[in-house]
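Working notes for the structure below.
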Amino acid sequence: MSDDFPPLSLNVPEPGCRPGDTPDFSDFEIPRAGAVKRPPVDVEPDEIREMAFSIVRVLNKDGEAVGDWAGALTPEELREGLRHMLTLRAFDARMLIAQRQGKTSFYMQHLGEEAISCAFATALQPGDMNFPTYRQAGLLIAGGYPMLTMMNQIYSNAEDPLHGRQLPIMYSSKEHGFFSISGNLGTQFVQSVGWAMASAISGDTKIATGWIGDGSTAESDFHSAMVFASTYDAPVVLNIVNNQWAISTFQGIARGGVGTFAARGHGFGIASIRVDGNDYLAVHAVAKWAAERARRGYGPTLIEHVTYRAGGHSTSDDPSAYRDKNEAAAWPLGDPIERLKKHLITIGEWSEERHKQAEAEVMDTVIATQKKAEAIGTLGDGQAPSPRDMFEGVYETMPPHLIRQRQEAGY
Amino acid sequence: MSDDFPPLSLNVPEPGCRPGDTPDFSDFEIPRAGAVKRPPVDVEPDEIREMAFSIVRVLNKDGEAVGDWAGALTPEELREGLRHMLTLRAFDARMLIAQRQGKTSFYMQHLGEEAISCAFATALQPGDMNFPTYRQAGLLIAGGYPMLTMMNQIYSNAEDPLHGRQLPIMYSSKEHGFFSISGNLGTQFVQSVGWAMASAISGDTKIATGWIGDGSTAESDFHSAMVFASTYDAPVVLNIVNNQWAISTFQGIARGGVGTFAARGHGFGIASIRVDGNDYLAVHAVAKWAAERARRGYGPTLIEHVTYRAGGHSTSDDPSAYRDKNEAAAWPLGDPIERLKKHLITIGEWSEERHKQAEAEVMDTVIATQKKAEAIGTLGDGQAPSPRDMFEGVYETMPPHLIRQRQEAGY
Amino acid sequence: MTMIEAIREAHDVAMAADDRVVVFGEDVGFFGGVFRCTAGLQAKYGKSRCFDTPINESGIVGTAIGMAAYGLKPVIEIQFADYVYPAYDQIVSEAARLRHRSNADFTCPIVIRMPTGGGIFGGQTHSQSPEALFTHVSGLKVVVPSNPRDAKGLLLASIEDPDPVIFLEPKRLYNGPFDGYHDRPVTSWKKHPKGEVPEGNEIVPLGKASITREGSDVTVLAYGTMVYVAEAAAEATGVDAEVIDLRTLLPLDLDTITASVEKTGRCVIVHEATRTSGFGAELMCLVQESCFYHLEAPMIRVTGWDTPYPHAQEWEYFPGPARVGEALKKVMEG
Amino acid sequence: MTMIEAIREAHDVAMAADDRVVVFGEDVGFFGGVFRCTAGLQAKYGKSRCFDTPINESGIVGTAIGMAAYGLKPVIEIQFADYVYPAYDQIVSEAARLRHRSNADFTCPIVIRMPTGGGIFGGQTHSQSPEALFTHVSGLKVVVPSNPRDAKGLLLASIEDPDPVIFLEPKRLYNGPFDGYHDRPVTSWKKHPKGEVPEGNEIVPLGKASITREGSDVTVLAYGTMVYVAEAAAEATGVDAEVIDLRTLLPLDLDTITASVEKTGRCVIVHEATRTSGFGAELMCLVQESCFYHLEAPMIRVTGWDTPYPHAQEWEYFPGPARVGEALKKVMEG
Ligand SMILES: Cc1ncc(C[n+]2csc(CCOP(=O)(O)OP(=O)(O)O)c2C)c(N)n1
Ligand SMILES: Cc1ncc(C[n+]2csc(CCOP(=O)(O)OP(=O)(O)O)c2C)c(N)n1
Ligand SMILES: [Mg+2]
Ligand SMILES: [Mg+2]
């Protein structure tokens with residue numbers, strides 16, 4: 001009987017476009033802005049199942065904010081948001097150069113994804129805690145964390161708050177609600193659920209947010225996070241940043257046969273929403289909705305932010321080896337800065353001139369800050385941090401064997 | 001503003017019934033037999049989404065086989081199936097006693113779940129590979145594996161094919177398509193996907209089946225299995241045996257806020273079906289459907305077998321500490337043996353007398369086999385296996401350090 | 001009281017004293033754990049301070065880390081040490097390094113309890129002793145009590161500790177001391193002096209070993225069940241062994257070890273875990289580094305063999321008093 | 001050729017010779033791996049024999065185990081050794097024990113490759129050397145090549161091996177030898193004799209060490225990058241060290257080690273991993289067990305410190321030639 005069956009073969013998903021091919025996003029369904037309704041925050045997850053297959057969008061092609069999800073921000077707040085994104089982009093640009101100049105070992109940029117962390121940050125309250133990956137520095141920038149300190153960390157200099165122990169960009173700031181970044185993908189996703197559970201156990205009103213990349217949803221910690229969030233109805237917002245790529249691997253390898261990453265939530269009864277990650281207004285509105293849902297005790301939300309990683313994965317990566325150079329330009333959701341700029345101009349709250357001026361101001365600030373940081377020191381310039389710092393903080397109190405080792409090392 | 005929010009609290013799901021309470025399964029929705037249609041094996045997972053929230057059932061209250069899924073088995077095959085289940089139940093009964101008598105250290109029974117592994121086994125083809133947990137011995141019994149060898153393994157005696165290395169019931173038989181059982185929950189679920197991928201890579205027509213308990217779906221390996229199965233469209237049937245309990249923990253802790261375990265498949269675009277695990281005909285029909293689907297290259301299926309663990313978790317467990325003694329009796333899907341018996345009688349292919357006789361015959365065989373096994377030896381009776389066996393098989397060729405250790409040990 | 005009762009009491013004392021202490025794990029809530037170490041805590045402190053979890057060890061540790069970052073003090077149970085590996089990444093990459101990598105911006109005061117060791121015919125998945133897989137990890141502390149008194153005091157100290165502690169409970173000692181003579185009648189903690197456990201919050205400090213038998217011939221380094229095996233071997237052979245119960249493996253009480261070996265000039269190291277790269281290797285290394293010129297004979301390790309823990313051959317695997325006794329005699333000849 | 005090219009060639013030779021060899025991992029397929037060790041294989045052998053996987057290390061190992069049980073020979077890549085912990089359970093509880101627990105009914109011939117070690121400013125998550133976490137696990141083999149010739153030959157031997165092999169690739173050696181003098185110009189394999197790699201299926205057998213520098217004063221046990229550091233330290237100090245490149249840690253070539261230490265009477269052990277319970281502990285233990293009466297001075301370990309691998313303090317952490325040189329001088333004084 002088994003002769004009746006033709007031989008099996010392995011299905012290995014492939015991206016639509018490799019170097020030399022013509023980028024083609026025509027399969028990518030984009031609902032028009034305003035099309036997705038805004039449900040009440042206590043909606044049953046089952047009732048919004050379709051939201052995992054659509055995309056919440058606020059800004060339309062003409063730069064207008066339309067639909068239920070519009071109207072959450074004042075022009076002043078939007079200009080502030082624009083400034084945050086411009087700052088993050090300028091910061092990235094300068095740090096990339098600094099890395100190439102050998103002032104630090106490594107850098108990771110946000111190009112094209114600035115709206116997500118910048119818009120999200122302003123939807124939270126003081127005391128909430130983010131468990132970010134390495135591509136959410138906008139949470140710090142929009143959250144008012146000193147840029148100088150970020151640079152000190154990147155340069156591992158004498159004022160690096162992490163004392164040179166961590167890779168560049170692996171920031172940590174409890175005060176600013178930014179959990180210590182781990183180089184291990186996914187681990188922090190379930191930790192965010194634990195933090196949220198702790199808030200619930202303590203009768204607090206704070207919420208946590210977890211962050212993960214499209215590729216990293218395949219990690220087991222993603223599952224742990226979903227299981228625990230679902231079982232204990234944890235007050236957490238779980239964010240997937242789907243920037244289409246995981247180093248050289250396109251999102252189809254992690255996503256498999258399902259339509260979207262957001263749909264992963266359905267297997268857990270978790271409210272699941274997709275949002276246009278390049279639309280500052282949409283991200284902010286969805287973030288606010290999910291944060292309120294969590295804070296009111298209606299449980300977790302899974303958000304898939306649909307975006308595109310316009311730059312290389314990191315300074316160690318050259319994407320031209322695995323995707324076409326024109327793919328970023330062909331990306332149909334556009335550039336988040338351009339889109340917010342256009343909106344502000346459309347509603348008469350901004351102009352090309354003001355934009356140019358803002359860009360210049362932002363760049364000036366970044367460069368001035370960079371000068372300060374470099375005056376303190378850069379990696380390997382022979383300044384601090386001290387080797388002693390490597391022995392400290394392994395434990396609260398240094399145990400005898402580490403004291404002996406420190407002495408053996410001569411510090 | 002945070003003052004507006006009442007304090008959060010932790011949601012900890014609780015079973016409906018604890019010792020002393022009256023068991024109440026009235027929330028448990030049971031569709032009538034025959035209600036769920038049988039889709040073609042190449043159906044798109046999305047089109048059968050509802051099947052994850054319903055239950056495929058064939059046998060109705062009157063013992064008739066009804067609906068699309070009926071008719072897969074001849075009366076002869078059904079009588080054979082009944083005999084398999086009776087054998088497994090008798091085997092369990094005798095081995096439980098043997099354990100209490102100190103003839104072995106440990107045992108795990110199948111009481112109430114016999115239909116699942118027995119009915120599934122006959123839906124596969126020679127060469128297919130099961131990756132079972134410790135509660136699918138029916139795969140061996142229905143698959144013709146010698147009962148004496150099972151007992152030898154349980155007794156760790158001189159003819160234990162695993163040479164006393166493994167805990168009782170942790171069988172292994174490549175020849176009978178039964179992968180070596182692991183004491184670590186969940187690990188084998190993703191291995192089954194790997195085996196299936198290997199079959200596809202090799203252009204073979206064999207398929208694999210993975211097995212996992214309701215509680216163990218929470219393990220990370222469950223996620224790994226779903227991700228890989230989904231991405232590579234692996235020819236695998238992934239089975240969740242939802243027997244309502246994971247030791248003392250009711251299924252709600254693992255399931256969280258979602259309606260069913262089968263629904264986990266939706267987040268991966270995997271065809272997902274719930275089946276009445278106490279209905280031999282239904283299990284067999286669904287198993288056959290899923291196996292054909294896999295073998296024809298239409299990809300993985302996730303099956304939730306809905307059943308009830310009528311006995312203790314293992315010989316180390318006393319369930320009266322955490323669930324009411326009457327819960328098993330109140331379980332609305334009944335007893336798999338009683339139901340198949342009734343069906344055969346209803347269709348005029350069986351009788352109370354033949355049943356009694358079959359029970360007696362089966363028990364005689366089990367007891368006779370047990371005598372043979374005990375003549376060979378029981379655990380700790382001073383017979384083999386030899387200590388030498390513990391050093392062997394760690395590697396194909398024993399490396400020098402193990403030879404030294406074996407000599408040091410005096411063997 | 002038994003070691004199980006002592007552990008339960010330590011939880012109780014800590015939970016009563018500090019609201020931030022929360023207890024969870026598989027079957028830990030309503031049922032009180034498969035070994036009953038948390039029995040009664042849910043009834044007493046409520047479901048949000050003691051609860052059952054999904055079967056996901058990585059999630060148990062991962063959520064505990066998040067809770068610790070929030071400010072709670074999670075005390076979690078892994079049902080058997082053999083099942084800790086799925087959580088290994090969260091322990092090694094996250095819990096152990098969080099303080100260091102964030103410069104104490106976030107810390108991780110969690111206790112991860114788990115039953116270890118063999119002697120109960122548990123086969124390869126209910127018998128393992130994975131301590132060496134934790135002692136290699138900077139940032140962790142590793143504790144192994146050998147009796148009810150220490151179990152309570154060390155657990156209380158671990159819960160108070162500001163850093164992550166791996167708390168390994170030799171399951172064969174839960175109900176009574178065990179010296180490896182498996183064919184003799186079992187004894188209970190009831191009649192044992194170390195079964196008398198002080199009430200209240202009395203701590204046994206981490207990092208301090210205890211000399212359970214003084215002797216002048218040879219130093220035996222042991223922990224957990226092996227303490228009793230070593231004592232029995234000394235009695236059986238007449239070798240005047242000084243038995244040191246290490247109690248904490250990391251950080252280690254090297255001073256007590258060194259003082260003893262300098263006195264005896266000989267050293268035998270005993271553990272149940274597989275030999276190669278077991279914690280015995282580190283111990284022998286430290287002794288040779290600090291006492292080289294005092295050593296009169298080669299040190300000897302008595303350990304589990306480098307095989308999976310077998311089922312039927314339990315007593316050939318378990319390093320019992322006969323094997324330890326032989327080592328004592330051999331080291332005296334050396 | 002470089003070590004990267006040598007590794008790639010080993011894959012190529014094995015895949016050409018045996019259809020059952022399949023290669024996969026994160027970024028391993030189209031792109032050929034972040035270090036390019038599998039570049040070109042997908043184009044040559046097709047997508048079902050070399051492919052990209054989801055980012056799930058446990059799933060990568062778990063599916064490989066299933067494939068091995070089917071009859072394939074998976075050679076898989078973990079992108080950095082620092083990311084192997086999520087797969088630790090599948091490796092320890094499953095791959096390592098499958099043959100034993102099933103009495104060879106099922107076996108697990110898989111090779112798990114991963115880049116290890118520091119020297120590239122990779123910080124705590126791109127620098128670790130977790131070998132001791134594998135040498136403690138019965139059923140595994142552990143291999144560490146130190147040059148292109150060995151890398152190819154040992155990888156071919158590992159792929160042929162009937163049991164699971166952990167194959168650790170010192171990433172700082174990918175493009176050239178490195179002796180720890182980080183401020184000197186980098187050298188490439190092009191001009192190095194060990195950069196000349198034989199064509200075809202020429203195997204370097206597992207379990208055999210290699211003496212890379214003969215000497216009579218002291219035996220230095222090293223592997224991976226530390227082989228070059230040890231050689232440099234010997235040159236710098238003038239101590240006539242015999243440097244042994246272990247190549248395979250498990251099973252270990254104890255005969256070569258013993259013969260050397262019996263000759264020199266002194267021993268220094270060098271590794272990059274953290275000290276406590278590192279593989280150095282096992283080495284020192286074995287030497288004291290087998291060469292006690294030949295030892296003229298305490299053995300010394302030179303290792304990474306018991307801290308997470310730091311970013312800025314890379315060269316204070318890395319056990320360079322200065323530290324190894326000091327140990328050589330000290331062991332000569334002892
Ligand atoms: C556990 C683990 N495995 C592998 C890596 C190596 N790695 C770093 S980033 C990355 C890709 C992540 O992709 P994605 O999750 O999509 O995030 P993105 O970089 O696109 O923001 C990989 C594989 C890692 N850091 N940790
Ligand atoms: C990794 C791991 N964690 C924990 C255990 C302990 N344990 C054994 S069976 C069990 C419950 C499993 O429940 P379920 O998956 O529902 O299967 P069932 O016993 O009901 O068939 C637990 C927690 C284990 N064996 N392995
Ligand atoms: Mg990505
Ligand atoms: Mg169950």
Side-chain angles (χ1 to χ4, degrees), chain C residues 57-58 82-93 96-97 100-101 123-125 128 130-139 249-250 252 269 273-293 295 297-301 304-308 310 334, chain D residues 57-58 82-93 96-97 100-101 123-125 128 130-139 249-250 252 269 273-293 295 297-301 304-308 310 334:
Chain C
E57 291 75 12
S58 182
D82 315 63
Y83 306 140
V84 74
Y85 308 119
Y88 199 61
D89 188 41
Q90 285 284 350
I91 296 173
V92 172
S93 308
R97 298 207 293 254
H100 191 259
R101 79 171 196 238
Q124 63 180 251
T125 54
Q128 293 167 53
E131 63 273 9
L133 303 174
F134 297 110
T135 53
H136 189 43
V137 180
S138 315
L249 309 190
L250 191 69
L252 186 71
I269 295 162
T274 54
R275 179 172 298 179
T276 299
S277 282
F279 190 61
E282 180 61 28
L283 288 172
M284 195 185 285
C285 221
L286 289 169
V287 172
Q288 103 81 51
E289 283 168 350
S290 47
C291 310
F292 183 81
Y293 295 105
L295 285 174
M299 293 176 273
I300 301 179
R301 290 186 276 187
W305 308 115
D306 283 352
T307 75
Chain D
E57 291 76 12
S58 181
D82 316 63
Y83 305 139
V84 74
Y85 308 120
Y88 199 61
D89 188 41
Q90 285 284 350
I91 297 173
V92 172
S93 308
R97 297 208 293 256
H100 192 258
R101 79 171 197 240
Q124 61 180 252
T125 53
Q128 294 168 52
E131 62 274 11
L133 303 173
F134 297 111
T135 54
H136 189 44
V137 180
S138 315
L249 309 190
L250 190 69
L252 188 70
I269 295 161
T274 54
R275 178 172 299 180
T276 298
S277 282
F279 190 62
E282 180 61 28
L283 289 171
M284 195 184 285
C285 221
L286 289 170
V287 172
Q288 102 84 49
E289 284 168 351
S290 46
C291 310
F292 183 81
Y293 295 105
L295 285 173
M299 292 175 273
I300 300 178
R301 290 186 276 188
W305 308 114
D306 283 352
T307 75

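So you know, we letter chains A, B, ... as the sequences are listed, proteins then strands, and number each from 1. Since the structure is predicted, the reported quantities are computational estimates derived from the model, not experimental observations.
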_Looking only at the side chains, is there a donor atom on one of D:Arg101 and C:Gln124 sitting less than 3.5 Å from an acceptor on the other?_
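The criterion, which ignores hydrogens and geometry beyond distance, is not satisfied for C:Gln124 and D:Arg101.
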Closest heavy-atom pair and its distance - [X], [Y]:
X: C:Gly280; Y: D:Cys285; value: O-SG, 4.3 Å
X: C:Ala132; Y: D:Ser277; value: O-CB, 4.2 Å
X: C:His136; Y: D:Leu133; value: CD2-CD2, 3.8 Å
X: D:Glu282; Y: C:Gly278; value: OE1-N, 4.5 Å

*Region of D:Leu250 in contact with chain C, defined by heavy-atom distances below 4.5 Å*: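 Only the side chain of D:Leu250 comes within 4.5 Å of chain C.
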*asked:* For D:Phe134, which atoms come within 4.5 Å of any heavy atom of chain C: side chain, backbone, both, or neither?
replied: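 Neither the backbone nor the side chain of D:Phe134 comes within 4.5 Å of chain C.
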*asked:* Among C:Ile300, C:Thr307, C:Thr125, which residue has the highest count of heavy-atom pairs closer than 4.5 Å to chain D?
replied: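 Top count of heavy-atom pairs under 4.5 Å with chain D: C:Thr307.
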*asked:* For the CD atom of C:Gln288 and the CD atom of D:Glu289, what is their distance to the nearest 0.5 Å?
replied: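 Answer rounded to 0.5 Å: 11.5 Å.
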*What residue, out of D:Glu57, D:Gln128, D:Arg301, has the most heavy-atom pairs lying under 4.5 Å from chain C?*
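Among the listed options, the one with the most contacts to chain C is D:Arg301.
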*Out of D:Val287, D:Thr274, D:Asp306, D:Leu286, which one racks up the most heavy-atom pairs below 4.5 Å with chain C?*
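Ranked by contacts with chain C, first place is D:Thr274.
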*Could you label the plane-to-plane angle of the C:Tyr88 and D:Tyr85 rings as parallel, tilted or perpendicular, counting under 30° as parallel and over 60° as perpendicular?*
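Judged by the thresholds at 30° and 60°, the geometry between C:Tyr88 and D:Tyr85 is perpendicular.
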*asked:* What I'd like to find out is whether the side chain of D:Pro298 reaches to under 4.5 Å of the side chain of C:Tyr293, using heavy atoms alone.
replied: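 They are in contact (side-chain heavy atoms under 4.5 Å apart), so the answer is yes.
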